[in-house]
Amino acid sequence: MSAPAGRQIHCAAFAATVEGEVVGSNFAANWGSVGFFGPLTVRPDLWDQGIGRRLMEPVLACFDTWENRHLGLFTFSHSPKHLELYRRYGFWPRFLTAIMKKQVAVSAEVPGRVLYGELPAAERPEALSLSRALTGAVYEGLSLEREIMATEAQGLGDTVLLEGAGSGLDGLAVCHCGAGSEAGEDVCFVKFGAVRSAARRQGNPHA
């Protein structure tokens with residue numbers, strides 16, 4: 001298994017091997033005060049041999065190094081096997097999150113919408129600061145700055161920023177698009193989205 005080093009790394013990947021062949025993997029993400037992991041995968045013919053537990057150990061060590069305060073994961077809510085594995089490490093079911101999809105269609109231009117990747121270099125630090133203020137209002141210490149930068153720098157997609165009426169942001173969405181990203185070919189996957197609560201109350205149709 002491989003392991004990351006340093007508090008500033010925003011993600012980590014681990015692999016389990018048997019005789020030099022990869023048979024399982026797990027991934028961890030560092031979003032400031034929030035950490036989450038997954039997907040955790042194990043080759044089906046090697047289930048129930050402790051590989052999943054071995055892949056949990058370095059991920060939990062990551063969270064300790066990163067000093068995340070709130071931890072989470074996504075798994076199959078109908079699978080007792082999955083739920084029992086994570087329960088052993090103190091994780092309990094909390095939310096049922098709907099994974100939704102729709103066909104992308106051409107739509108009218110959205111006022112105030114900008115892409116992080118299209119901003120001049122001089123404007124990007126301010127955009128990241130505004131994103132941190134928005135996510136911090138959702139949960140104290142939650143930060144997507146490194147995720148936003150990595151998504152753009154690695155060509156995985158881009159981040160949609162929705163400017164508010166004042167000096168802040170009404171919303172943002174970190175999007176992966178296309179082959180080589182978490183979305184896959186011809187797909188746009190919204191990896192993270194947040195909307196300022198005041199924008200919803202004021203009826204912003206795009207928030």
Side-chain angles (χ1 to χ4, degrees), residues 1-77 79 81-91 97 99 116-117 128 131-132 135 139 141-159 172-194:
M1 299 184 185
S2 59
R7 291 183 52 192
Q8 298 306 311
I9 294 176
H10 94 282
C11 61
F14 302 90
T17 62
V18 174
E19 296 181 351
E21 181 180 357
V22 175
V23 298
S25 63
N26 201 0
F27 300 86
N30 176 15
W31 288 353
S33 60
V34 175
F36 75 93
F37 70 89
L40 187 158
T41 64
V42 177
R43 205 173 70 188
D45 62 311
L46 294 176
W47 286 356
D48 301 318
Q49 296 189 30
I51 295 175
R53 293 193 296 274
R54 292 291 305 278
L55 286 166
M56 284 294 300
E57 295 163 4
V59 163
L60 295 176
C62 264
F63 294 148
D64 287 340
T65 299
W66 292 337
E67 299 181 357
N68 306 122
R69 300 195 303 273
H70 186 78
L71 306 179
L73 70 143
F74 292 94
T75 191
F76 299 107
S77 60
S79 170
K81 179 185 291 289
H82 288 76
L83 296 179
E84 175 59 19
L85 170 63
Y86 302 129
R87 185 198 64 77
R88 295 178 182 181
Y89 296 92
F91 293 91
T97 302
I99 306 299
Y116 173 79
L128 293 172
S131 76
R132 183 174 65 252
T135 56
Y139 185 83
L142 174 61
S143 172
L144 273 290
E145 292 176 80
R146 291 189 290 272
E147 189 76 43
I148 291 171
M149 291 188 291
T151 298
E152 192 278 331
Q154 297 174 26
L156 302 176
D158 211 334
T159 299
L172 66 83
V174 181
C175 303
H176 280 215
C177 302
S181 72
E182 293 182 34
E185 191 171 358
D186 298 324
V187 175
C188 177
F189 166 51
V190 180
K191 185 170 183 179
F192 177 91

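For this chain, numbers begin at 1 and follow the sequence in order.
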Please identify each residue that fulfils side-chain hydrogen bond (donor to acceptor under 3.5 Å, both in side chains) with Ser143, with sequence neighbours left out. Glu145

Residues Phe14 and Pro58: closest non-hydrogen pair is CE2-CB, 3.4 Å

Check Leu85 against Gly52 and note the closest heavy-atom contact, atom names and distance. CD1-C, 4.4 Å

Sequence neighbours left out, what passes side-chain contact (heavy atoms from CB on, under 4.5 Å) with Gln49? Give chain and number order. Leu46

Can you tell me which residue pairs pass the salt bridge (charged side-chain N to carboxylate O under 4.0 Å, His left out) test with a partner in residues 179-193, sequence neighbours excluded? Glu147-Lys191, Glu182-Lys191

Quick check: closest heavy atoms across Gly117 and Glu152, and the distance to 0.1 Å? CA-CG, 3.7 Å

Can you name the residues that form a side-chain hydrogen bond (donor to acceptor under 3.5 Å, both in side chains) with Glu19, not counting sequence neighbours? none

Tell me whether the centres of the aromatic rings in Phe37 and Phe91 are closer together than 6.0 Å. yes

Okay, side chain of Thr135, backbone of Leu142: is any donor-acceptor separation there less than 3.5 Å? yes

Applying side chain to side chain donor-acceptor pair (under 3.5 Å) as the test, list every pair that has at least one member in residues 38-47; sequence neighbours left out. Glu21-Arg43, Ser25-Thr41, Arg43-Asp45

Tell me every residue that passes side-chain hydrogen bond (donor to acceptor under 3.5 Å, both in side chains) with Asn68, counting only those two or more places apart in sequence or in another chain. Asn30

Could you tell me whether Glu84 and Arg88 make a salt bridge, using a distance below 4.0 angstrom between a side-chain N and a carboxylate O? yes

Only counting residues at least two apart or in another chain, list the ones meeting salt bridge (charged side-chain N to carboxylate O under 4.0 Å, His left out) with Asp64. none

Between Ala15 and Leu55, the two heavy atoms sitting closest are C-CD2, 4.1 Å

Checking Tyr89 now: which residues fulfil ring-ring contact (aromatic ring centres under 6.0 Å, His included) with it, not counting sequence neighbours? none

Run the side-chain contact (heavy atoms from CB on, under 4.5 Å) test against His82 and tell me which residues pass, sequence neighbours left out. Thr75, Phe76, Ser79, Tyr86

Which residues pass the side-chain hydrogen bond (donor to acceptor under 3.5 Å, both in side chains) test with Thr97, sequence neighbours left out? none

Sort out for me which residue in Trp31, Phe63, Phe27 forms a ring-ring contact (aromatic ring centres under 6.0 Å, His included) with Phe36. Trp31

Please report the closest heavy-atom contact between Asn26 and Gly38, naming both atoms and the distance. OD1-N, 3.6 Å

Relative to each other, are the rings of Tyr139 and His70 parallel, tilted or perpendicular (30° and 60° limits)? tilted

For Ala183, the side-chain contact (heavy atoms from CB on, under 4.5 Å) test, sequence neighbours excluded, returns His176, Ser181, Val187, Phe189

Partner set under side-chain contact (heavy atoms from CB on, under 4.5 Å) for Cys177, not counting sequence neighbours: Cys175, Cys188

Nearest 0.5 angstrom please: Arg132 CZ to Ile148 CD1, how far? 10.5 Å

